[in-house]
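Starting off with a structure, shown below.
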Amino acid sequence: MDDLSTVWLILAAAAATYLTRIGGYALITRMRTMPPRLEQALNAVPAAVLTTLWAPAFFNSGWDVRLALIVAALVSLRYPGLIMLAAGWAAAMAARHLFGL
Amino acid sequence: MNRRDIIDGLKGGAVIALSTTPFAVLFGAVAVDNGLSIVEAGLMSATIYAGASQLVGIELFGQQVAPWLIVLSIFAVNFRHVLYSAAIARHIRGYSFWQKAVAFFFLIDPQFAESIRRAETGKPVSFAWYMAFGLIIYVSWLLFSVLGAWFGSMLGDPKVWAIDVLLPIYFLGLVIGFRRKPGFYPVVAASMVGSMAGFHLVGSPWHVSIGAICGVAVAALLPLPQKPDQSAEVTH
């Protein structure tokens, strides 16, 4: 692939991404009222989508990644995001370098 | 008040900017490793501005995949943003047309999650707060993508430094933050099962959209709360 077509490919992907970011708004503002079930579905969007971004790492990886995610999940019940991130990272490092998982 | 919003936004955004730094560096390094120039890696971060999809794109750039399929894969990974922009609509009614057009460009996962959280705690999702929050993340994302590309393979194997676990941990943390929402557990379970089924039966990156649709469908089918809300007005 030459340089110019790479640039066009990137710009096409950027346009497609922007479409996804305005698309939902464009659709929803055409409706006058929001049915309660639709509202309930929209409220579930963040959890539903974000789950798909960690589930494969948990189920398809080894116990090093699983341990890191379990530790991070437990820590996140009490502590803010960066501490959770650090705890999970430390668990993965320990699992890989100390326990050879 | 405006000033207060900007400071709030910068503070909240800085935390996200810091936690996305490793991924920006990783993206830049992987991009160069897959044959992109530093400028092209920077262009991706500047115009697409969606980490997971950028990494998917990079992975496909390295293989002999038809260009339209690369664009479609990036579109599939980013399809969740359709749901974001629909869900955020009622919180940004006060924005002008151009403010909306600009704001939607910056609508990444944490921007959406924090906007909803802010709205639910009763604070205004003002344009000033939104842009302060978004821009500090954007600038840092762009800067560290280019730096990562610059250093290229100096990072070595991301597994040695456990860089690869940061992204899933980060997303898991965001999910756990929503645990008090009604229907949280059935939604997460459906999304988990759907995404894993999608992963094995259809393949990546479709598992993202498939899992999300499963979770959202379950939410739509769950019984409505006893005291039903009046349907919310949606203004144009």
Side-chain angles (χ1 to χ4, degrees), chain A residues 1 3 5-7 9-14 16-18 20-25 27-29 31-60 64-65 68-69 72-73 76-77 81-82 84-85 88-89 92-93 96, chain B residues 15 19 40 43-44 47-48 50 52 57 67 70-71 74-75 78-87 89 104-105 107 112-113 162 165-166 168-176 178 181 183-184 187-188 191-192 195-196 199 207-208 211-212 215-216 219-220 224 228-229 231-234 236:
Chain A
M1 204 179 310
D3 291 349
S5 59
T6 302
V7 169
L9 184 52
I10 291 170
L11 293 179
T17 302
Y18 187 68
T20 67
R21 284 179 174 148
I22 56 168
Y25 181 84
L27 287 177
I28 206 117
T29 48
M31 283 181 267
R32 275 190 54 250
T33 59
M34 184 153 0
R37 282 198 185 274
L38 180 60
E39 195 173 352
Q40 192 162 290
L42 289 179
N43 276 327
V45 169
V49 174
L50 295 171
T51 294
T52 69
L53 301 181
W54 61 261
F58 184 84
F59 290 105
N60 295 345
D64 51 342
V65 176
L69 285 169
S76 78
L77 296 177
L82 277 184
M84 176 206 70
L85 210 61
W89 175 81
M93 287 296 279
R96 281 176 189 169
Chain B
V15 173
S19 54
E40 285 161 351
L43 184 71
M44 273 187 96
T47 61
I48 299 176
I70 298 179
V71 174
I74 290 174
F75 184 78
N78 288 329
F79 191 74
R80 64 185 186 280
H81 296 112
V82 169
L83 302 170
Y84 291 173
S85 65
F104 283 129
F105 175 80
L107 191 58
F112 172 69
V165 301
L166 292 176
I169 290 174
Y170 170 69
F171 289 130
L172 175 61
L174 286 179
V175 170
I176 292 172
F178 291 115
K181 283 197 170 213
F184 173 82
V187 166
V188 167
S191 168
M192 213 156 69
S195 68
M196 291 319 293
F199 195 95
H207 69 282
V208 174
V216 170
L224 292 167
D229 292 34
S231 329
E233 276 290 319
V234 179
H236 288 247

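Chain naming here is simple, since letters A, B, ... match the order of the sequence lines and numbering starts at 1 in each.
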For this session: Would you please indicate yes or no on a ring centroid separation below 6.0 angstrom for A:Y25 and B:F104?
Result: yes
For this session: Name the option with the most non-hydrogen atom pairs under 4.5 Å to chain B; the candidates are A:G23, A:A12, A:A44, A:A13.
Result: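 Most heavy-atom pairs within the cutoff with chain B belong to A:A13.
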For this session: Dump the intermediate steps for side-chain hydrogen bond (donor to acceptor under 3.5 Å, both in side chains) on B:N78 and A:T17, then the final yes or no.
Result: CA-CA 6 Å; B:N78 288 329; A:T17 302; 2.9 Å; yes
Exercise. Less than 4.5 Å apart, any side-chain heavy atom of B:P168 and any of A:L53?
Worked result: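 When only atoms from C-beta onward are counted, A:L53 and B:P168 do not touch, as no gap falls below 4.5 Å.
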Exercise. Do B:L172 and A:F58 touch side chain to side chain, with heavy atoms closer than 4.5 Å?
Worked result: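 With C-beta onward as the side chain, the pair stays apart.
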Seminar exercise, completed: For B:K181 and A:N43 the tightest heavy-atom approach is NZ-O, 3.3 Å
Seminar exercise, completed: Among B:V175, B:V188, B:V15, B:I74, the residue with the most heavy-atom pairs under 4.5 Å to chain A is B:V175
Problem set entry | Heavy-atom proximity to chain B below 4.5 Å, by part of A:A57 |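 Side chain only.
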Exercise. side-chain contact (heavy atoms from CB on, under 4.5 Å) between A:V45 and B:R80: does it pass, once the steps are laid out?
Worked result: CA-CA 8 Å; A:V45 169; B:R80 64 185 186 280; 5.9 Å; no
For this session: May I ask you to decide if B:L107's main-chain N or O and A:R21's side chain share a donor-acceptor pair within less than 3.5 Å?
Result: yes
Exercise. For B:A50, is it the side chain, the backbone, both, or neither that has a heavy atom closer than 4.5 Å to a heavy atom of chain A?
Worked result: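 Both parts, backbone and side chain.
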Exercise. Looking at B:P67 and A:L9, what are the two nearest heavy atoms and their distance?
Worked result: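 Heavy atoms of B:P67 and A:L9 come nearest at O-CD1, 3.5 Å.
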For this session: Verify, without hydrogens or angle tests, whether A:T20 (side chain) and B:F79 (backbone) share a donor-acceptor contact under 3.5 angstrom.
Result: no
Exercise. Is the shortest heavy-atom distance from the side chain of A:Y18 to the side chain of B:H81 under 4.5 Å?
Worked result: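 Sidechains of B:H81 and A:Y18: no contact.
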For this session: Look up atom CG in A:L27 and atom OG in B:S85, then write down how far apart they are to the nearest 0.5 Å.
Result: 8.0 Å
Exercise. Between B:I176 and chain A, which part of the residue has a heavy atom less than 4.5 Å away: side chain, backbone, both or neither?
Worked result: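 Side chain only.
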For this session: Please report the closest heavy-atom contact between A:T52 and B:S195, naming both atoms and the distance.
Result: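 Where A:T52 meets B:S195 most closely, the heavy atoms are CG2-CB, 3.6 Å.
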Exercise. Checking B:F105 against chain A: side chain, backbone, both or neither under 4.5 Å from a heavy atom?
Worked result: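 Looking at B:F105, backbone and side chain both touch chain A.
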For this session: Side chain from CB out, backbone as N, CA, C, O: work out which of these in B:F199 comes under 4.5 Å of a heavy atom of chain A, or both, or neither.
Result: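 The side chain, not the backbone.
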Problem set entry | Contact origin within A:L38 toward chain B - heavy atom pairs under 4.5 Å |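 No part of it gets close to chain B.
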For this session: Taking B:S191 for its side chain and A:A48 for its backbone only, find out whether a donor-acceptor pair lies under 3.5 Å.
Result: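 The answer is yes, because a donor-acceptor pair under 3.5 Å joins these two groups.
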For this session: Kindly compute the distance separating CG (A:L69) from CZ (B:F171), expressed to the nearest 0.5 Å.
Result: 12.0 Å
Problem set entry | B:M196 portion near chain A, given a 4.5 angstrom heavy-atom threshold |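 Only the side chain of B:M196 comes within 4.5 Å of chain A.
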Problem set entry | Residue pair B:L174, A:W54: steps toward the side-chain contact (heavy atoms from CB on, under 4.5 Å) verdict | CA-CA 10 Å; B:L174 286 179; A:W54 61 261; over 6 Å; no
Exercise. With a 4.5 angstrom heavy-atom cut-off, which part of B:V165 approaches chain A: side chain, backbone, both or neither?
Worked result: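 Looking at B:V165, just its side chain touches chain A.
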Exercise. Counting distance only, does the side-chain N/O of A:R37 pair as donor-acceptor with the main-chain N or O of B:A220 below 3.5 Å?
Worked result: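 Yes; judged by distance alone, with no hydrogens or angles, the pair exists.
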Seminar exercise, completed: On a heavy-atom basis, the closest approach of A:A47 and B:V187 is CB-CG1, 4.5 Å
Problem set entry | Spacing of B:M44 atom CE and A:I10 atom CD1 [to the nearest 0.5 Å] | 5.5 Å
For this session: Mind listing the closest non-hydrogen atom pair of B:I169 and A:M84 along with its distance?
Result: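 Where B:I169 meets A:M84 most closely, the heavy atoms are O-CE, 3.5 Å.
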